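First up is the structure itself, then whatever we jot down about it.
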Amino acid sequence: MNSFNLDSLVRDNVKVLKPYSSARDEFEDFDTADMVFLDANENPYNSGVNRYPDPQQASVKNILAKQNKVNPNQMLLGNGSDEVLDLIFRAFCEPKKDNVITLPPTYGMYGVLANINAVENREVLLSTDFQPQIEKIFKAIDDNTKMIFLCSPNNPTGNSFSEESVTTLLEHFNGLIVIDEAYIDFSEKESWLKKIDQYPNLIITQTLSKAYGLAGIRLGICYASSEIIAVLNKIKPPYNVNELTQKRALERLNNTNAIQSEIVTIIKQRDELLKVLLDIKYVEKIYPTEANFILIKVDDANKRYNDLIAKGIVIRNRTTQPLCENCLRLTIGTEEENKKLIEALIA
């Protein structure tokens, strides 16, 4: 087992930081219905959004906590997962000193955020079957390695990482393991959320942008120990999740039947598209997927991409990514959209 010490990972300036606190924070446990608020220089006339939103998003956290069997204090909400990831960098990585490890091909924002925060990004390629190369990862680690980012199911490859590999990293790396589970709802594998109390160095990020169909409201979720969440709360902006986002999220989270029905339909449509792809001659390989997209290798990715664009079909050309030469990524759309894609592919 590792000798994880959270305090040793937190940036010195964050340790001594006194976070911004609004007057509303003092009344988190009070019934505020009849209180007169003259503290925040707001417009007093009710427009539905004239007041600042709940800085701790208690209503959204409570329903997520109940659905996922965690405590609200093990959760941080952000303006999309990108803000959550950025906060993690800013809390734990000292600019121009520390480094993180990412496993390409993977979600590009990890590298972008590392660059923004002046943190070295040490890339360790996945294996040819898109699994972490554990020995190479440990060789890349030094005393200034703060985090390892795992996207599982992975974007753009669509596969999940083996439980054995993830467990090895969690148990033998003294830094933070950040598992991005943006696509976990489309996988038959269990979320690592169930191991949140077992591993103090585990951070899980999820989103309402994929399976929940709320990409437009920008709501990302971070699950971790209450100690890690307390550090992140010190540096998050006080009102980072707006009132409209919180209300829309609550409406959707209270309609779990609709969400599950859509997930089932997307998976069904994915399986039907997989069958069609088998008969398209220029498709050279179809990669296994546990997400709401399919990665395929074709004879000429640039040509096939441009052909589809000309027919009004927008997909993602991933040919420039490591291990993804001549690869295209196809998101699963509605039944009608998928029919249009199939017609364009076989034309």
Side-chain angles (χ1 to χ4, degrees), residues 102-111 123-134 136-137 149-166 169 179-192 207 209-211 263-309 313-334 337-346:
T102 62
L103 312 180
T106 193
Y107 181 44
M109 277 303 293
Y110 310 143
E123 297 184 335
V124 180
L125 289 183
L126 296 174
S127 66
T128 54
D129 60 347
F130 299 139
Q131 288 293 325
Q133 301 194 74
I134 300 301
K136 290 184 178 181
I137 292 172
F149 287 88
L150 309 176
C151 187
S152 184
N154 187 41
N155 175 16
T157 63
N159 65 298
S160 293
F161 295 153
S162 73
E163 183 175 354
E164 180 183 5
S165 294
V166 177
L169 292 171
I179 304 180
D180 183 343
E181 292 190 337
Y183 302 96
I184 191 65
D185 299 283
F186 303 105
S187 173
E188 293 183 357
K189 295 194 172 58
E190 287 190 343
S191 167
W192 282 89
T207 179
S209 294
K210 310 300 181 184
I263 292 171
V264 169
T265 300
I266 289 169
I267 292 173
K268 180 182 177 182
Q269 288 294 309
R270 181 187 72 189
D271 292 343
E272 291 181 5
L273 180 56
L274 284 168
K275 293 176 184 177
V276 173
L277 291 171
L278 290 170
D279 295 326
I280 297 177
K281 292 181 180 180
Y282 61 80
V283 175
E284 297 179 356
K285 186 169 185 177
I286 305 168
Y287 294 92
T289 180
E290 298 173 56
N292 66 330
F293 58 83
I294 301 170
L295 186 73
I296 60 173
K297 184 174 183 178
V298 297
D299 56 351
D300 185 335
N302 293 330
K303 170 180 168 46
R304 302 303 175 183
Y305 173 81
N306 290 329
D307 287 348
L308 288 172
I309 289 291
I313 306 292
V314 183
I315 60 168
R316 199 75 191 270
N317 187 350
R318 299 282 75 188
T319 192
T320 60
Q321 300 302 301
L323 305 176
C324 293
E325 184 180 2
N326 281 323
C327 285
L328 304 173
R329 192 191 69 194
L330 316 174
T331 302
I332 308 304
T334 64
E337 289 170 335
N338 295 334
K339 286 180 178 178
K340 291 180 180 179
L341 170 62
I342 291 169
E343 290 172 0
L345 288 170
I346 63 179

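In this text the structure is predicted, and so the values were computed from the model without any measurement.
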Quiz item: Between Ile263 and Asn292, does a side-chain contact (heavy atoms from CB on, under 4.5 Å) hold up when you go through it step by step?
Solution: CA-CA 9 Å; Ile263 292 171; Asn292 66 330; over 6 Å; no
Exercise. Determine the minimum heavy-atom distance between Val124 and Pro104, stating which atoms define it.
Key: O-CD, 3.6 Å
Exercise. Evaluate ring pair (Phe, Tyr, Trp, His ring centres under 6.0 Å) for Tyr183 paired with Phe293, printing each intermediate quantity in order.
Key: CA-CA 9 Å; Tyr183 302 96; Phe293 58 83; 5.1 Å; yes
Exercise. Of all the heavy-atom pairs spanning Leu126 and Gln133, show the shortest one and how long it is.
Key: O-NE2, 3.5 Å
Quiz prompt | For Asp185, all residues meeting side-chain hydrogen bond (donor to acceptor under 3.5 Å, both in side chains), sequence neighbours excluded | solution = none
Self-check item: Minimum heavy-atom distance between Arg329 and Ile315, given as atom pair plus value
Solution: O-CB, 3.6 Å
Quiz item: Which residues pass the side chain to side chain contact (heavy atoms under 4.5 Å, CB included) test with Glu284, sequence neighbours left out?
Solution: Lys297, Asp299
Self-check item: Listed partners of Ser152 passing side-chain hydrogen bond (donor to acceptor under 3.5 Å, both in side chains), at least two apart
Solution: none
Self-check item: Under the side-chain hydrogen bond (donor to acceptor under 3.5 Å, both in side chains) test, residues paired with Glu188 that sit two or more places apart
Solution: none
Quiz item: Rounded to the nearest 0.5 Å, what separation is found between the CG atom of Leu273 and the CD1 atom of Ile294?
Solution: 4.0 Å
Self-check item: Partner residues of Lys285 under the salt bridge (Lys or Arg N to Asp or Glu O under 4.0 Å) criterion, sequence neighbours left out
Solution: none
Quiz item: Are side-chain heavy atoms of Leu274 and Ile286 found at a separation under 4.5 Å?
Solution: yes
Quiz item: Could you give the distance from CD1 (Ile137) to CG (Leu125), rounded to the nearest 0.5 Å?
Solution: 10.5 Å
Quiz item: Taking the six-membered ring of Tyr282, is the NZ or CZ of Arg304 close enough (under 6.0 Å from the centre) and on axis enough (within 45°)?
Solution: yes
Quiz prompt | pair Val314-Ile309: side-chain heavy atoms closer than 4.5 Å | solution = yes
Exercise. Evaluate the side-chain proximity of Phe186 to Glu290: yes if any heavy-atom separation is below 4.5 Å, no if none is.
Key: no
Self-check item: For Glu181, the option from Ser187, Ser160, Ser191 that meets side chain to side chain donor-acceptor pair (under 3.5 Å)
Solution: Ser191
Quiz item: Excluding sequence neighbours, so at least two apart, what forms ring pair (Phe, Tyr, Trp, His ring centres under 6.0 Å) with Phe149?
Solution: Phe89, Tyr110
Quiz item: Which pairs with one or both residues in residues 337-346 pass salt bridge (Lys or Arg N to Asp or Glu O under 4.0 Å), sequence neighbours excluded?
Solution: Glu335-Lys339, Glu336-Lys340
Practice problem: Report the residues that fulfil salt bridge (Lys or Arg N to Asp or Glu O under 4.0 Å) with Lys136, sequence neighbours left out, ordered by chain and then residue number. | Solution: none
Practice problem: Considering non-hydrogen atoms only, spot the tightest contact between Leu295 and Pro156 and give its length. | Solution: CB-O, 3.5 Å
Quiz item: With a 4.5 Å limit on heavy-atom distance, are the side chains of Leu277 and Ile342 in contact?
Solution: no
Exercise. Report the C-alpha separation of Asn154 and Thr106 in whole Å, then their side-chain angles, then the decisive distance to 0.1 Å, and conclude whether the side-chain hydrogen bond (donor to acceptor under 3.5 Å, both in side chains) test is met.
Key: CA-CA 6 Å; Asn154 187 41; Thr106 193; 3.1 Å; yes
Quiz prompt | Any side-chain heavy-atom pair of Asn159 and Pro153 under 4.5 Å | solution = no
Quiz item: How far apart are the C-alpha atoms of Leu345 and Val276, what are their side-chain angles, what is the distance that settles it, and do they pass the side-chain contact (heavy atoms from CB on, under 4.5 Å) test?
Solution: CA-CA 10 Å; Leu345 288 170; Val276 173; 5.8 Å; no
Self-check item: Donor-acceptor contact present, side-chain Arg270 to main-chain Ile332, <3.5 Å
Solution: no
Quiz item: Can you find a heavy atom in the side chain of Thr207 that is under 4.5 Å from one in the side chain of Asp180?
Solution: no
Practice problem: I would like to know whether Tyr305 and Arg316 meet side-chain contact (heavy atoms from CB on, under 4.5 Å); could you show each step before the answer? | Solution: CA-CA 8 Å; Tyr305 173 81; Arg316 199 75 191 270; over 6 Å; no
Exercise. Could you tell me which residues satisfy ring pair (Phe, Tyr, Trp, His ring centres under 6.0 Å) with Phe130, sequence neighbours excluded, listed by chain and number?
Key: Tyr287
Self-check item: Qualifying residues under side chain to side chain contact (heavy atoms under 4.5 Å, CB included), relative to Glu272, sequence neighbours excluded
Solution: Lys268, Gln269
Quiz item: How long is the span from the CD1 atom in Ile134 to the OG atom in Ser162, to the nearest 0.5 Å?
Solution: 7.0 Å
Self-check item: Point-to-point distance, once rounded to the nearest 0.5 Å, from CD of Gln131 to OG of Ser165
Solution: 5.5 Å
Practice problem: Please report the shortest heavy-atom distance between Leu103 and Pro132, naming the atom on each side. | Solution: CD1-CB, 4.0 Å
Practice problem: Specify the closest pair of heavy atoms between Thr157 and Pro105, including all atoms of both residues, with the distance to one decimal. | Solution: CG2-CG, 3.8 Å
Quiz item: For Pro288, which residues count as a side chain to side chain contact (heavy atoms under 4.5 Å, CB included) partner, sequence neighbours excluded?
Solution: none
Self-check item: Basic-acidic side-chain contact under 4.0 Å: Lys303, Asp307
Solution: yes
Exercise. Just jot down the side chain to side chain contact (heavy atoms under 4.5 Å, CB included) partners of Ala301, sequence neighbours excluded, or say none.
Key: Val298, Asn317, Thr319, Asn326, Leu328
